[in-house]
Amino acid sequence: MKYAQYAVTLAFALISSAASAQPERHLMPALVDAPSMIKIEYADPTNAELKGVQQRLKSRYVLETLREFLSALRLPRELTVRTAQCSPKANEIVTSLEYEPQRPVTICYELIDKIEKIAVAHTRNEDLQRKVVVGAFVQAALQETAYGIFDVLEIPVWGRDFDAADRLAAFIIMQFGDDVANYVMGGTINLFYWSDKTWQGSEFASRASPDPQRFYNYACIAAAASPWLFSSYVKDKVIPADRAGPDGAWCDGEYAQVRKAFNLRLMPNVDADRLVKMRSTPWLAWTPAK
Amino acid sequence: MKSIMQAALAFGVLTWSAGALAQISPEFRNDKIILLEGTPGDGGYWNTTSKVFKDEAGNPYRRPVPQFRQRIRTRMMERRVLEEYAEFLSPLRLPRPLRLLASDCDGKAWGDSPHYNPAMQAIDMCYSFSFDAEAKFKNLIRNRRDDKWWTPGSLEQLMAGLYVGVLLHETGHAAFDLMEVPVLGREEDAADQIATFVALQFGKENARTIIKGFSNFWGYLAFVSKADPGPVLGPDDPNYRDCSKDSFCSYADEHGTASQRYYNVLCMALNDQHRDSFSDILEARLLPEGRLQRCNKEYKQVQLAFRKTLLPFIDPAQAEKVMKRTWFTAKESQE
């Protein structure tokens, strides 16, 4: 359990990078004692509107941070993580590209753009807007990267891979400590809560799960992982009793299930020495070594 | 843990732990697969609920099966559903016993669902579920033969396929529990994956019976019973997130929606390797093109998970015997 906290340093770094409007100070050299199998790329968008998103991510070293964090994983081969424009045409918005084995993991500029627009449309509270954008971005980055990890490490996945990636992302987010769990998970859950899309007919054939379903999946893990932060989801029946169980026991079971899968399938691929170093890294102030 | 213990005690009251192994063919016997009797000699087909109620004096008792559902029990006994399923599971090398029973479950007129009880390590098939499913399939065959969401089958085929699909689904839950298999996705979807993946390993006729019975049940719920969640309300609506009026809350169910389960089952069947066995489903375009394109990937994902986590628990020689045996009657394979 304790070891699982290594993973959240990624999200921590992403949060700090994405949340801060100020240029980061270089306080800590990068941990470069082992060559990373993670390759990164900020692909150039053709859509001029998305160039700003690319620039923001680039100037905040989002992918460098992601690579640094993932270097604790002993990957047997290279995995490329990139940010890119996913829509081939201007009038067709694509916010997610399905991961294909042996291909790069892609985080779409359109998704980040969409999250920002949803946040602005739903609240005038700038703090809440920021929380939702940061939380949802970290969640999306972790979920997309999870597909690549499943592939590279040949992790057996039971259940829909979309939900498996989501549950792994949720688990990681909750290992961060209270402040970050509250911020990132809170932002993620808010975004899903705002969803007002009605699914019907063949839309249910989608590989993705509806946002309300994701809301309950994340909320259940949050309530189980940090009841002192999220117990109101159970007490106030935000999560209905027939999902949460008596005193949240069924959510506890879901969380234990993901934790077991994480410990059995991911932990054997972690470099323990590097993990120790990473856990002592002040990620809030982290930037790449010059 | 406390609730599990309580459930185990409640379930265990008045239960006969002795198995009914004598009814299982010696060639397909597995000492870890036990038919759990409610009363001696019932062979695992309880004549009561499995739920324990209390009378006015506080004494525990189980309610008898109502007369109108007795025929389901009789038919299951005649068909040797539990015995044959125990034989089917004989290749499993289980670390702990798995118990099988059929009962009137909670005694509800409608809505009891077959389930795996981890406290007792028991799969409980509910008579009321079968009763309800049969009524649905009869309506489908008699009145909705021209619906475009399904390819017709006989009542016997649909019922037999559903039975096995449900038993395999519950066995999936049992396997995750008994073999401590790590599950990263949602367990209910994972159990459906096990059911469909195993079905596909047993040749075209068997696979068609199970896939059709299982998928058409979810299809019926989705397209006839309209069980999928309705409109999700926006923030301007006065009933926003009021669970009695806003379908947002319907998504809290740990199961996928009826439509999701229908499409998931079809997608598993339409992988490259088995697609030819389901050409009618393919030609009827029951699965949208976008999803169809990733079915092979989904099948391979499940294949890898099965190979890594469950195959080590299967006796290959016994599995070969099971795979060679004919499990469905001619009527049950009839389209």
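On a predicted model such as this, the values are computed, not experimentally measured, just so you know.
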Quiz item: So which part of B/L292 gets closer than 4.5 Å to some heavy atom of chain A, the side chain, the backbone, both or neither?
Solution: neither
Quiz item: Closest approach of A/P156 and B/A305, non-hydrogen atoms and distance?
Solution: CB-CA, 3.6 Å
Quiz item: Within a radius of less than 6.0 Å around CZ of A/R77, do more than 12 heavy atoms belonging to other residues, nucleotides or ligands occur?
Solution: yes
Quiz item: When heavy-atom pairs shorter than 4.5 Å are enumerated against chain A, which of B/F223, B/W149, B/F176 gives the highest number?
Solution: B/F176
Quiz item: Counting heavy-atom pairs under 4.5 Å to chain A, which of B/E254, B/E188, B/R307, B/Q303 comes out on top?
Solution: B/E254
Practice problem: Check whether any side-chain heavy atom of B/Y263 sits under 4.5 Å from a side-chain heavy atom of A/S202, and report yes or no. | Solution: yes
Quiz item: So, does B/R186 use its side chain to make a donor-acceptor pair with the main chain of A/R167 at under 3.5 Å?
Solution: no
Quiz item: Within a reach of under 6.0 Å around CZ of B/R285, are more than 12 heavy atoms found that belong to other residues, nucleotides or ligands?
Solution: no
Quiz item: Can you tell me how far the CZ atom of B/F248 sits from the CG atom of A/D211, to the nearest 0.5 Å?
Solution: 8.0 Å
Quiz item: Is the distance between the ring centroids of B/Y251 and A/F192 less than 6.0 Å?
Solution: no
Quiz item: Within a strict 4.5 Å, meaning less than it, do heavy atoms of the B/T309 and A/R265 side chains meet?
Solution: yes
Practice problem: Would you mind checking which part of A/Q200 comes under 4.5 Å of any heavy atom in chain B, side chain (CB onward), backbone (N, CA, C, O), both or neither? | Solution: neither
Practice problem: Under 4.5 Å heavy-atom distance to chain B, tell me which part of A/W250 shows up: side chain, backbone, both or neither. | Solution: neither
Quiz item: Are any of the side-chain heavy atoms of A/D196 and B/L233 separated by less than 4.5 Å?
Solution: no
Self-check item: Polar side-chain atom of B/Q301 near backbone of A/V157 as donor-acceptor pair, under 3.5 Å
Solution: yes
Quiz item: Where does A/I239 contact chain B at under 4.5 Å (heavy atoms): side chain, backbone, both or neither?
Solution: neither
Practice problem: With a 4.5 angstrom heavy-atom cut-off, could you sort out which part of B/L310 is near chain A: side chain, backbone, both or neither? | Solution: side chain
Self-check item: Contact leader toward chain A among B/L266, B/D237, B/I194, where contacts are heavy-atom pairs under 4.5 Å
Solution: B/I194
Quiz item: Heavy-atom distance under 4.5 Å to chain B: side chain of A/N217, backbone, both or neither?
Solution: side chain
Quiz item: Given that the side chain runs from C-beta out, which part of A/Y193 has a heavy atom under 4.5 Å from chain B: side chain, backbone, both or neither?
Solution: both
Self-check item: Which portion of B/E180 sits near chain A, non-hydrogen atoms under 4.5 angstrom
Solution: both
Quiz item: B/L287, B/D246, B/V181: which one forms the most heavy-atom pairs within less than 4.5 Å of chain A?
Solution: B/V181
Quiz item: Taking atom CD of A/Q213 and atom CG of B/D253, what is their separation to the nearest 0.5 Å?
Solution: 8.5 Å
Quiz item: Taking the side chain as C-beta and beyond, is there a heavy-atom pair between B/P182 and A/F262 under 4.5 Å?
Solution: no
Quiz prompt | Ionic contact status for A/R160 with B/D192, cut-off 4.0 Å | solution = no
Exercise. Please tell me if the side chains of A/E98 and B/K297 come closer than 4.5 Å, counting only heavy atoms from C-beta onward.
Key: yes
Quiz item: Is it the backbone or the side chain of B/N264 that comes under 4.5 Å from a heavy atom of chain A, or both, or neither?
Solution: side chain
Quiz item: With a cut-off of 6.0 Å (strictly less than), are more than 12 heavy atoms of other residues, nucleotides or ligands near CG of B/D147?
Solution: yes
Quiz item: What part of A/K197 lies closer than 4.5 angstrom to a heavy atom of chain B: side chain, backbone, both or neither?
Solution: backbone
Exercise. For salt bridge (Lys or Arg N to Asp or Glu O under 4.0 Å), just list the numbers for A/R207 and B/E298, CA-CA rounded to whole Å, side-chain angles, deciding distance to a tenth of an Å, and then say yes or no.
Key: CA-CA 10 Å; A/R207 74 176 178 95; B/E298 290 186 25; over 6 Å; no
Quiz prompt | Polar side-chain atom of B/K308 near backbone of A/E154 as donor-acceptor pair, under 3.5 Å | solution = yes
Quiz item: Would a 4.5 Å heavy-atom cut-off, applied to side chains only, mark A/H122 and B/P235 as touching?
Solution: yes
Quiz item: Out of curiosity, B/T257 OG1 to A/W199 CH2, how far, rounded to the nearest 0.5 Å?
Solution: 9.0 Å
Exercise. Assess the pair A/F204 and B/Y262: is the distance between their ring centroids shorter than 6.0 Å?
Key: no
Self-check item: Interface residue of largest heavy-atom contact number with chain B, from A/A164, A/A165, A/A205, under 4.5 Å
Solution: A/A205
Quiz item: Where does A/D242 contact chain B at under 4.5 Å (heavy atoms): side chain, backbone, both or neither?
Solution: neither
Quiz prompt | Residues, nucleotides or ligands: over 12 heavy atoms within 6.0 Å of A/R103 CZ | solution = no
Exercise. For chain A, find which of B/G234, B/P288, B/G290, B/C249 contributes the most heavy-atom pairs closer than 4.5 angstrom.
Key: B/C249
Quiz item: How long is the gap from OG on A/S209 to CD on B/Q260, to the nearest 0.5 Å?
Solution: 5.5 Å
Quiz item: Hey, is the main chain of A/G159 close enough, under 3.5 Å, to the side chain of B/Q193 for a donor-acceptor pair?
Solution: yes
Quiz prompt | Minimum side-chain heavy-atom gap A/W158-B/L184 below 4.5 Å | solution = no
Quiz prompt | A/D161 and B/R294: CA distance, side-chain angles, deciding distance, side chain to side chain contact (heavy atoms under 4.5 Å, CB included) verdict | solution = CA-CA 12 Å; A/D161 58 351; B/R294 79 186 305 272; 3.2 Å; yes
Practice problem: Identify the two heavy atoms, one from B/V232 and one from A/S195, that lie closest to each other, and give their separation to 0.1 Å. | Solution: CG1-O, 3.5 Å
